[in-house]
Amino acid sequence: TINGDTVFEGNETFSVNLSGITNATPGTLSGTGTIVEDDQQPTTTTITSDLPDPSVVGQPYTVSVNVAAVTTSPTGTVTISDGTASCGPVTLTAGTAPNSTASCSLTSTTAGAKTLTASYTAATTAFGNSSGTTAHQVNPASTSISVTGPTRSRINQPTAFTFALSVNAPGAGTPTGTVTLTSGASSCTATLPATSCNLSFNTLGTRTVSASYAGDGNFNGSSSSGAGNAQTLVFARSDLSVTKNDGVPTYEPGDLLVYSVIVRNLGPDAAANIRIIDNIPAGLSDVTWSCDDSGGVACPVTGGSGNLDLTIASFPVGGLLNLTFYGNVSGSPASISNTASITLPADTTIEDPVLGNNTATDTDLLDGLFANGFEDPQINGPTGSLRIPAIALARSLADEAVIVVRLGDANGEAIRVYARMHEETLQYALARRNASGLLRPGAWTTIPGEPTLSWTARQVATGWVLETVELR
């Protein structure tokens with residue numbers, strides 16, 4: 001026995017030669033012996049490959065290891081680590097002495113330059129433990145993102161859109177950070193692991209919503225495109241109403257019919273690009289119309305003649321259009337039916353929850369003179385006047401035009417005074433007989449106090465005929 005020797009040197013042989021032998025006759029005078037090595041074999045651990053290199057976050061890569069002893073193949077296990085993630089322990093497989101091998105699949109969960117360490121743990125004291133290292137590069141994994149949402153979104157209302165963020169193969173893992181959804185000037189940002197956020201749109205029409213992931217240290221950013229974007233139509237919900245009234249149930253040939261067409265937006269949202277149509281009905285001729293506005297809506301024109309066809313670009317809640325549509329009865333039709341309607345945009349950007357008030361019809365029948373005014377004087381002298389009771393009118397009138405005075409002479413009806421309330425102000429329109437014998441109204445005017453209707457007339461064989469008239 002060799003005491004105190006710890007260095008592995010392998011087995012050693014020695015020879016023995018006998019000489020000077022007395023009193024014996026040996027058969028052999030020489031021999032050999034072996035000193036058996038019982039010290040621990042040192043080992044060397046080497047990482048022979050780590051493929052693929054570089055890899056990306058979440059991608060498995062195979063690390064192969066060789067453990068070499070001195071004389072015999074070592075036994076035991078190997079564990080491999082990148083400093084955070086590890087694989088093993090895996091059992092060594094004996095190879096050509098004095099080598100053994102092992103491999104395992106390692107998945108790094110963070111990006112960066114890694115130092116891989118293979119640690120060998122011997123199965124017995126016959127072999128010494130050892131370790132080896134090598135460099136390995138892990139890059140951030142790529143990502144993909146898409147966004148989905150409703151096909152219709154109400155204007156100025158938060159609308160949820162959902163995004164889907166995935167890690168592209170061969171990468172894997174859970175990204176962190178923020179996702180931003182954008183459509184024009186509208187945007188919202190969500191912090192992962194959230195999967196949605198609310199967008200609000202302030203203009204009508206088709207919108208494309210895209211998603212963008214900012215990325216983090218382990219995952220690259222990405223943006224949606226094409227089919228990965230969401231398409232939505234921004235619409236407004238507006239209760240648009242129209243009323244129509246000429247204040248009389250009957251007419252006579254040549255009579256003047258003055259219709260008040262009142263268009264309102266009852267909300268809850270402002271409307272846009274609505275169309276107002278009032279076509280001339282059979283039996284009415286020489287049609288003229290005018291437009292007055294209040295509540296923030298604007299008339300595109302102040303008036304016109306013939307069919308009424310207006311497109312209103314912007315119609316805020318509470319807005320009101322007061323359209324005066326008038327003409328003379330042509331011939332003696334049994335009835336005249338006049339319809340005003342509201343047409344919503346063809347692109348469906350306006351939803352009207354109450355479609356039943358989008359049209360209004362006024363029907364009058366042929367009859368004798370039917371007066372609904374407050375006064376019905378007759379010209380019976382060279383001059384005359386009449387005070388109009390404005391206080392009483394203001395209490396009883398609304399937006400619709402109403403006949404408040406009819407003035408007749410020897411040739412029939414010569415004057416009408418119409419009144420209405422517009423923006424809480426009493427307004428008047430004076431209609432007088434023209435050279436063709438037809439009544440035609442003038443512009444709406446505001447007259448303070450209680451106005452006076454004054455006239456002059458000339459005498460003819462059948463009575464008095466109107467010469468001049470003034471309302472002031």
Would you compute the distance between atom [atom1] of [X] and atom [atom2] of [Y] and round it to the nearest 0.5 angstrom?
{"X": "Trp289", "Y": "Thr324", "atom1": "CH2", "atom2": "OG1", "value": "11.0 Å"}
{"X": "Ser305", "Y": "Phe325", "atom1": "OG", "atom2": "CZ", "value": "10.5 Å"}
{"X": "Thr250", "Y": "Leu365", "atom1": "OG1", "atom2": "CG", "value": "7.5 Å"}
{"X": "Ser332", "Y": "Asp255", "atom1": "OG", "atom2": "CG", "value": "11.5 Å"}
{"X": "Ser241", "Y": "Ile262", "atom1": "OG", "atom2": "CD1", "value": "9.5 Å"}
{"X": "Thr208", "Y": "Gln231", "atom1": "OG1", "atom2": "CD", "value": "3.5 Å"}

Shortest non-hydrogen contact between [X] and [Y], atoms and distance:
{"X": "Ile388", "Y": "Leu393", "value": "CG2-CD1, 3.4 Å"}
{"X": "Pro60", "Y": "Thr107", "value": "CA-OG1, 3.5 Å"}
{"X": "Ala211", "Y": "Leu181", "value": "CB-CD2, 3.4 Å"}
{"X": "Arg440", "Y": "Asn434", "value": "CG-ND2, 3.4 Å"}
{"X": "Ala102", "Y": "Val90", "value": "CB-CG2, 3.8 Å"}
{"X": "Cys197", "Y": "Ala190", "value": "CB-CB, 4.2 Å"}

Taking atom types as modelled and ignoring hydrogens, do the side chains of [X] and [Y] form a donor-acceptor contact shorter than 3.5 angstrom?
{"X": "Thr456", "Y": "Thr468", "value": "yes"}
{"X": "Asp50", "Y": "His136", "value": "yes"}
{"X": "Asn357", "Y": "Asp239", "value": "yes"}
{"X": "Asn328", "Y": "Ser285", "value": "no"}
{"X": "Thr339", "Y": "Thr361", "value": "yes"}
{"X": "Thr93", "Y": "Thr101", "value": "no"}
{"X": "Ser144", "Y": "Asn168", "value": "yes"}
{"X": "Arg472", "Y": "Ser454", "value": "no"}
{"X": "Ser108", "Y": "Asp82", "value": "yes"}

Counting C-beta onward and ignoring hydrogens, is there a side-chain heavy-atom pair between [X] and [Y] closer than 4.5 Å?
{"X": "Pro389", "Y": "Val404", "value": "no"}
{"X": "Gln137", "Y": "Asp53", "value": "yes"}
{"X": "Leu426", "Y": "Met421", "value": "yes"}
{"X": "Leu366", "Y": "Pro253", "value": "yes"}
{"X": "Glu351", "Y": "Arg154", "value": "no"}
{"X": "Thr383", "Y": "Trp455", "value": "no"}
{"X": "Val234", "Y": "Thr203", "value": "no"}
{"X": "Tyr326", "Y": "Asp246", "value": "no"}

Practice item. Take Lys244 and Asp278 through the test salt bridge (charged side-chain N to carboxylate O under 4.0 Å, His left out) and record every step on the way to the result. Key: CA-CA 10 Å; Lys244 185 180 185 67; Asp278 192 340; 2.4 Å; yes

Has the side chain of [X] got a donor or acceptor atom that lies under 3.5 Å from a matching backbone atom of [Y]?
{"X": "Asn307", "Y": "Ile280", "answer": "yes"}
{"X": "Asp216", "Y": "Thr176", "answer": "yes"}
{"X": "Asn322", "Y": "Asp399", "answer": "yes"}
{"X": "Arg416", "Y": "Ala429", "answer": "no"}
{"X": "Asp409", "Y": "Ala457", "answer": "no"}
{"X": "Thr134", "Y": "Leu116", "answer": "no"}
{"X": "Thr162", "Y": "Thr148", "answer": "no"}
{"X": "Asp293", "Y": "Cys299", "answer": "yes"}
{"X": "Arg387", "Y": "Glu450", "answer": "yes"}
{"X": "Thr143", "Y": "Asn220", "answer": "yes"}

Exercise for review: Applying side chain to side chain contact (heavy atoms under 4.5 Å, CB included), run through Val469 and Leu430 and close with a yes or a no.
Suggested key: CA-CA 9 Å; Val469 65; Leu430 178 62; 4.1 Å; yes

Check your understanding: Can you name the one residue among Ser64, Cys87, Ser49 that meets side-chain contact (heavy atoms from CB on, under 4.5 Å) with Ser103?
Key -> Ser64

Check your understanding: Between Phe161 and Phe201, what is the ring plane arrangement, given parallel below 30°, perpendicular above 60°, and tilted in between?
Key -> perpendicular

Review point. When you check the gap from the basic side-chain N to the acidic O, do Arg237 and Asp352 get nearer than 4.0 Å?
Key: no

Check your understanding: Near Arg152 CZ, under 6.0 Å, is it more than 12 heavy atoms from other residues, nucleotides or ligands?
Key -> yes

Check your understanding: Is Leu51 atom CG crowded by more than 12 heavy atoms from other residues, nucleotides or ligands, each under 6.0 Å away?
Key -> yes

Practice item. For side chain to side chain donor-acceptor pair (under 3.5 Å), just list the numbers for Thr133 and Thr115, CA-CA rounded to whole Å, side-chain angles, deciding distance to a tenth of an Å, and then say yes or no. Key: CA-CA 7 Å; Thr133 62; Thr115 297; over 6 Å; no

Practice item. Step by step, work out the side chain to side chain contact (heavy atoms under 4.5 Å, CB included) result for Leu240 and Ile274. Key: CA-CA 9 Å; Leu240 299 161; Ile274 69 161; 3.6 Å; yes

Practice item. Might you work through the side chain to side chain contact (heavy atoms under 4.5 Å, CB included) test for Thr180 and Tyr213, ending with a clear yes or no? Key: CA-CA 7 Å; Thr180 300; Tyr213 170 53; over 6 Å; no

Practice item. Using the six-membered ring of Trp444, assess whether NZ or CZ of Arg420 lies under 6.0 Å from its centre and within 45 degrees of the ring axis. Key: yes

**Study point:** Candidate pair Val65 and Thr45, rule side chain to side chain contact (heavy atoms under 4.5 Å, CB included), full reasoning
**Key:** CA-CA 7 Å; Val65 177; Thr45 298; 3.6 Å; yes

